[in-house]
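Working notes, structure below.
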Amino acid sequence: MSSERTFIMIKPDGVQRTLVGDIIQRFEKKGLKLTALKMFQASMDLLRQHYNDLSSKSFFEDLINYMSSGPLVCMVWEGLNAVKTGRQMLGETDPFNSLPGTIRGDYCLHIGRNVCHGSDSIDSAEKEIYLWFKKDELCLWSKTTAQWLYE
């Protein structure tokens, strides 16, 4: 089995609405393995690095101000097709287009408060993981239930 990692971040609205446990539980129930987790208040500089690809957008400064307005929960999940699986579980960026059963489809009403961020590719996942976590903050462990998840 070829495993990959993805970066998932619960945004300030998700933390304030006490959705952290529900979101973690969804990823665990899906079968992905949590390899890093931390909660903290991000600096504007770190957020500008993370969202650099959106820096030319008119909403960029509002996004940075919002994301720095409260604590974030940053996570690394590992498993088969983790990036694609994570994106499917989150749903569309605009909650209006997200299906029921997805995190955004179940918990969100507005694109500006869409609860989570998830890596959109393996390359961006690796960049985001090492932007938010030091190498020694990633836990390497074997999930004993893997034999029940994968052939």
Side-chain angles (χ1 to χ4, degrees), residues 1-55 63-64 66-95 97-108 111-151:
M1 181 204 63
S2 178
S3 186
E4 65 187 36
R5 296 182 301 189
T6 192
F7 176 77
I8 302 292
M9 177 171 48
I10 302 174
K11 298 177 180 182
D13 56 315
V15 174
Q16 289 291 337
R17 293 178 56 206
T18 65
L19 298 174
V20 173
D22 290 341
I23 292 167
I24 290 172
Q25 186 177 47
R26 285 179 180 229
F27 282 88
E28 285 181 326
K29 284 185 174 184
K30 184 69 174 178
L32 294 175
K33 178 174 74 172
L34 183 62
T35 60
L37 170 75
K38 66 180 170 181
M39 179 179 190
F40 70 105
Q41 186 99 19
S43 70
M44 288 190 167
D45 287 340
L46 179 58
L47 291 163
R48 282 190 177 91
Q49 281 183 273
H50 179 82
Y51 287 111
N52 185 48
D53 61 320
L54 301 175
S55 62
L63 173 64
I64 300 305
Y66 162 66
M67 291 296 291
S68 65
S69 71
L72 306 167
V73 175
C74 299
M75 301 172 282
V76 178
W77 291 93
E78 186 178 313
L80 185 65
N81 297 314
V83 172
K84 185 176 180 180
T85 299
R87 296 290 288 188
Q88 288 175 336
M89 290 175 66
L90 292 181
E92 298 294 323
T93 301
D94 185 344
N97 298 322
S98 292
L99 296 172
T102 64
I103 291 167
R104 291 176 179 145
D106 289 349
Y107 297 128
C108 305
I111 193 169
R113 298 293 182 265
N114 66 2
V115 176
C116 284
H117 163 84
S119 300
D120 61 4
S121 70
I122 294 171
D123 287 340
S124 67
E126 287 301 308
K127 288 176 190 168
E128 291 169 352
I129 288 166
Y130 291 113
L131 178 64
W132 293 89
F133 290 94
K134 296 175 187 155
K135 209 169 201 154
D136 66 351
E137 292 179 308
L138 301 173
C139 296
L140 303 174
W141 62 285
S142 296
K143 190 171 182 176
T144 59
T145 58
Q147 66 179 330
W148 304 109
L149 295 168
Y150 306 108
E151 277 188 76

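The residues of the chain are indexed from 1 along the displayed sequence.
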**Asked** Any chance the side chains of E128 and S119 put a donor and an acceptor closer than 3.5 Å?
**Response** yes

**Nearest-0.5 Å distance, CG of residue L90 to CZ of residue R87** = 7.0 Å

**K84 vs T6, side-chain contact (heavy atoms from CB on, under 4.5 Å): CA-CA, chis, key distance, verdict** = CA-CA 9 Å; K84 185 176 180 180; T6 192; over 6 Å; no

**Asked** Does anything in residues 19-46 pair up under ring pair (Phe, Tyr, Trp, His ring centres under 6.0 Å), and if so which pairs, sequence neighbours excluded?
**Response** F27-W77, F40-W132

**Under 3.5 Å donor-acceptor, K30 side chain and G86 backbone** = no

**Request:** Mind checking the CG-CZ spacing from D106 to R26? Nearest 0.5 Å is all I need.
**Result:** 4.5 Å

**Prompt:** Where do M67 and K11 land on the side-chain contact (heavy atoms from CB on, under 4.5 Å) test, with the steps shown first?
**Reply:** CA-CA 7 Å; M67 291 296 291; K11 298 177 180 182; 3.7 Å; yes

**Asked** Shortest non-hydrogen contact from G79 to Y150?
**Response** CA-OH, 3.6 Å

**Request:** Can you see which heavy atom on G14 is nearest to which on V115, and at what distance?
**Result:** CA-CG1, 4.0 Å

**Request:** Could you tell me whether K127 and D53 make a salt bridge, using a distance below 4.0 angstrom between a side-chain N and a carboxylate O?
**Result:** no

**Complete:** In this structure, CG of L54 is separated from CG of L47 (nearest 0.5 Å) by 12.0 Å

**Prompt:** Quick check: does any side chain N or O of R17 sit under 3.5 Å from a backbone N or O of Y107, one acting as donor and the other as acceptor?
**Reply:** yes

**Request:** Just do the side-chain contact (heavy atoms from CB on, under 4.5 Å) check on V15 and V20 with the steps written out, would you?
**Result:** CA-CA 6 Å; V15 174; V20 173; 4.1 Å; yes

**Prompt:** Going from CE on M9 to CD1 on I23, what distance comes out if it is rounded to the nearest 0.5 angstrom?
**Reply:** 12.0 Å

**Prompt:** Any idea which heavy atoms bring I8 and G118 closest together, and the distance?
**Reply:** CD1-CA, 3.8 Å

**Prompt:** Can any side-chain N or O of S98 pair as donor or acceptor with the backbone N or O of E92 at less than 3.5 Å?
**Reply:** yes

**Message:** Does any part of the side chain of L149, heavy atoms only, come nearer than 4.5 Å to the side chain of K143, both counted from C-beta?
**Reply:** yes

**Message:** Main chain of A146, side chain of K33: is a donor-acceptor contact present, judged purely on distance under 3.5 Å?
**Reply:** no

**Prompt:** Atom CG of L46 and atom CD1 of I64: how far apart are they, to the nearest 0.5 Å?
**Reply:** 9.5 Å

**Fill in**
Heavy-atom nearest pair, S68 first then M44, reads OG-CE, 3.5 Å

**Prompt:** Heavy atoms, side chains only, cut-off 4.5 Å: are I111 and P95 in contact?
**Reply:** yes

**Prompt:** Should the heavy atoms of other residues, nucleotides or ligands under 6.0 Å from CD of E28 be counted, would the total exceed 12?
**Reply:** yes

**Message:** For the backbone of Y66 and the side chain of S69, can you confirm whether one donor and one acceptor N or O come within less than 3.5 Å of each other?
**Reply:** yes

**Message:** If you apply the rule side-chain contact (heavy atoms from CB on, under 4.5 Å), what do you find for M75 with I10, and how did you get there?
**Reply:** CA-CA 8 Å; M75 301 172 282; I10 302 174; 3.7 Å; yes

**Message:** Can you confirm whether more than 12 heavy atoms, excluding those of W141, are under 6.0 Å from its CH2 atom?
**Reply:** yes

**Asked** Counting distance only, does the side-chain N/O of T102 pair as donor-acceptor with the main-chain N or O of G105 below 3.5 Å?
**Response** yes

**Item:** Value rounded to 0.5 Å, distance of CG in L80 from CD in E4
**Value:** 7.5 Å

**Message:** Minimum heavy-atom separation for F133 and C74, please, with both atom names.
**Reply:** CZ-O, 3.4 Å

